[in-house]
There are 2 protein chains.
Amino acid sequence: MPTSALKLQTTDRVRGIAAALEEEIVLGWLLPRERLVEEELAERLAVKRHVVREALAELERVGLVERVPNRGAFVKLLEPLEVRQIYSVREALETLAAAQVPLPVASAVLVRLHAVQKQHAAAVEAGDARAAFRANMAFHEALFDACGNPHLVELIQAMAQKVHGARSITAASPAHLKLARDEHAAMVAALEAGDRERLVGLCRQHLLPSRDAYIAAVEARFARPSGGVVAAPRP
Amino acid sequence: MPTSALKLQTTDRVRGIAAALEEEIVLGWLLPRERLVEEELAERLAVKRHVVREALAELERVGLVERVPNRGAFVKLLEPLEVRQIYSVREALETLAAAQVPLPVASAVLVRLHAVQKQHAAAVEAGDARAAFRANMAFHEALFDACGNPHLVELIQAMAQKVHGARSITAASPAHLKLARDEHAAMVAALEAGDRERLVGLCRQHLLPSRDAYIAAVEARFARPSGGVVAAPRP
DNA sequence: TTCAACAGAATTGTTGACAATCATGGCGGC
DNA sequence: GCCGCCATGATTGTCAACAATTCTGTTGAA
């Protein structure tokens with residue numbers, strides 16, 4: 001605050017805090033159903049409480065946290081059904097975007113994709129989950145940006161954000177990260193070859209592993225004790 | 001506060017204020033580029049400033065207003081290109097939803113649609129733009145709800161909300177309202193008949209009038225003085 | 001006249017304190 | 001021993017005053 005080096009605008013600060021919390025959720029540092037106490041977060045992140053408050057409101061709107069009046073905010077736990085519904089929409093949106101990319105694709109897009117993919121591969125190799133997550137986001141943004149409709153891209157990102165709470169299972173798994181890396185490479189190749197059909201198929205396929213891993217994990221670990229046993233498939 | 005009858009929760013109050021502002025924008029009572037002063041709104045809507053502040057933040061996230069740090073909030077003016085892009089996405093989403101509605105449709109859906117449509121028709125007949133707007137929203141929600149994927153419905157609503165600032169042209173026009181009413185009737189009929197193809201076509205068609213009316217209006221009235229006439233709506 | 005600097009007003013951003021609300025745990029009655 | 005009730009503590013919600021910023025109109029000199 002006092003240092004003149006970084007005097008961020010208030011809105012940017014809120015965004016920054018929201019992004020930081022989002023990362024902590026994605027990386028599994030904050031788990032589903034975990035309570036998010038305003039004052040504690042304010043102290044830990046070195047901002048005032050009302051900034052945390054606004055950030056939580058933003059994350060609530062995005063769908064990453066739940067807030068109940070007078071009781072606070074929690075990391076949202078997605079039900080398997082919800083995850084399936086969201087991934088269904090994601091599939092529709094992402095294949096739509098892939099189908100709209102003008103081919104042959106602009107060379108600038110390919111350059112950027114290669115660069116980002118290199119970063120992603122390096123992060124995966126180094127086992128740096130946070131860097132891999134960021135590079136992964138950047139990759140998909142660069143890829144879908146090529147469709148030419150920023151509002152469609154925004155929707156795709158919003159839906160991806162919704163399941164970020166479900167990503168903590170795959171975001172830290174080397175196997176999943178390596179698979180994603182290889183699939184990214186295949187996508188770029190398809191794009192480069194102008195093979196739209198393959199690109200669309202790859203986008204569709206790319207969504208499945210994280211979805212299924214999450215559903216399996218949530219059914220094994222986060223099931224409510226309503227049935228008695230820890231792992232209750234359905235109430 | 002004193003009366004126990006209406007003790008709204010804070011979150012609900014923010015939502016309520018945001019919704020009220022949204023309606024004022026849709027109905028053309030607040031025009032694009034118009035300034036939204038926090039204190040003035042707080043007094044007019046009988047809430048404290050920080051509530052207005054949060055509501056404005058929410059409307060900014062939705063895309064209905066723009067906020068620049070230390071300078072305040074304005075009703076967002078959508079560029080024609082943006083409107084085209086948004087409507088393009090809306091078309092994809094709404095036809096997707098229509099294509100997913102299980103046929104024959106549940107009778108409860110039809111009952112609800114008929115009821116809402118009756119309200120809408122009454123509002124149109126009475127020339128009550130606000131009631132028509134609300135009934136219109138309810139109609140589309142009820143219609144797309146039938147697709148069975150609440151997350152898709154949410155996206156459809158979010159995209160509709162984005163162009164609410166563009167709706168002030170058609171929301172007050174009796175001709176447009178009557179056309180919408182008739183198209184709604186046709187949609188219900190198609191749904192009732194189980195004619196999916198016609199339903200999808202009607203959904204697609206239903207989007208065009210408001211889009212084109214807005215683009216025409218914005219090009220005629222709100223053009224920046226860079227090349228065109230200056231139309232300052234308020235002194 | 002035009003430009004720049006400057007004071008004053010209007011508006012937004014920030015802060016800490018206070019009030020309201022909900023969970024927790026102890027206490028007495030049954 | 002079990003249940004309901006009230007005191008207590010933790011946390012969120014509300015508020016008004018203060019600080020910082022931007023805008024506006026005016027003044028003075030080139």
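In what follows, chains are A, B, ... by sequence order, proteins preceding strands, each numbered from 1.
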query: Is the NZ or CZ atom of B:Arg84 positioned over B:Tyr87's six-membered ring, under 6.0 angstrom from the centre and within 45° of the axis?
result: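 So B:Arg84 doesn't make the cation-pi contact.
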Do the side-chain N or O atoms of [X] get closer than 4.0 angstrom to the phosphate oxygens (OP1, OP2) of [N]?
| X | N | answer |
| --- | --- | --- |
| B:Arg71 | D:dC23 | yes |
| A:Arg13 | C:dT14 | yes |
| B:Arg67 | C:dG13 | yes |

Rounding to a whole Å, what distance do you find between [X]:[atom1] and [N]:[atom2]?
| X | N | atom1 | atom2 | answer |
| --- | --- | --- | --- | --- |
| A:Phe74 | C:dC22 | CZ | P | 13 Å |
| B:Glu40 | C:dA9 | CD | C1' | 16 Å |
| B:Glu54 | C:dG13 | CD | C1' | 14 Å |
| A:Glu39 | D:dT14 | CD | P | 17 Å |
| B:Asn70 | C:dT12 | CG | C1' | 6 Å |
| A:Arg15 | C:dG13 | CZ | P | 13 Å |
| A:Arg53 | C:dT14 | CZ | P | 16 Å |

field: B:Arg67 atom CZ: more than 12 heavy-atom contacts under 6.0 Å
entry: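 Above 12, so yes.
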- request: Salt-bridge test for B:Arg15 and B:Glu58: reply yes if a basic N is under 4.0 Å from a carboxylate O, no otherwise.
  value: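 Yes.
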I'd like a table of atom pairs between the protein and nucleotides 16-18 of chain D - only N or O on both sides, under 3.5 Å - with the distance next to each one.
unit_1	atom_1	unit_2	atom_2	d
D:dA16	OP2	B:Lys48	NZ	3.4

message: Checking A:Leu96 now: which residues fulfil side chain to side chain contact (heavy atoms under 4.5 Å, CB included) with it, not counting sequence neighbours?
response: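 Once residues adjacent in sequence are excluded, the partners of A:Leu96 under the side chain to side chain contact (heavy atoms under 4.5 Å, CB included) criterion are A:Gln100, A:Leu152, B:Ala92.
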query: What does A:Leu56 touch in the nucleic acid at a heavy-atom separation under 4.0 angstrom: a base, only the sugar-phosphate, or nothing?
result: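 No contact.
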Contacts table for residues 164-171 of chain B: side-chain donor-acceptor under 3.5 angstrom, sequence neighbours left out:
unit_1	atom_1	unit_2	atom_2	d
B:His164	ND1	B:Glu22	OE2	2.7
B:Thr170	OG1	B:Arg167	O	3.4

- prompt: Mind checking whether A:Leu78 and A:Tyr214 have side chains closer than 4.5 Å, heavy atoms only?
  reply: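 Side chain of A:Leu78 against side chain of A:Tyr214, heavy atoms only: contact under 4.5 Å found.
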query: Are any of the side-chain heavy atoms of B:His176 and B:Pro209 separated by less than 4.5 Å?
result: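 Yes, side chains in contact.
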- request: Could I get the full list of side chain to side chain donor-acceptor pair (under 3.5 Å) partners for B:His184, not counting sequence neighbours?
  value: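 Partners of B:His184 under the side chain to side chain donor-acceptor pair (under 3.5 Å) test: B:Asn136, B:His206.
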field: Side chain of B:Val37 - closest among D:dG13, C:dT12, C:dG13
entry: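 The nucleotide sitting nearest to the side chain is C:dT12.
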Name each donor-acceptor pair under 3.5 Å that joins a side chain in residues 34-42 of chain A to protein atoms two or more places apart or in another chain, with its distance.
unit_1	atom_1	unit_2	atom_2	d
A:Glu34	OE1	A:Leu31	N	2.9
A:Arg35	NH2	A:Arg71	O	3.4
A:Glu38	OE1	A:Arg49	NH1	2.8
A:Glu38	OE1	A:Arg53	NH1	3.3
A:Glu38	OE2	A:Arg53	NH1	2.7

Listing time: all N or O pairs from protein to nucleotides 6-9 of chain D that are below 3.5 Å?
none

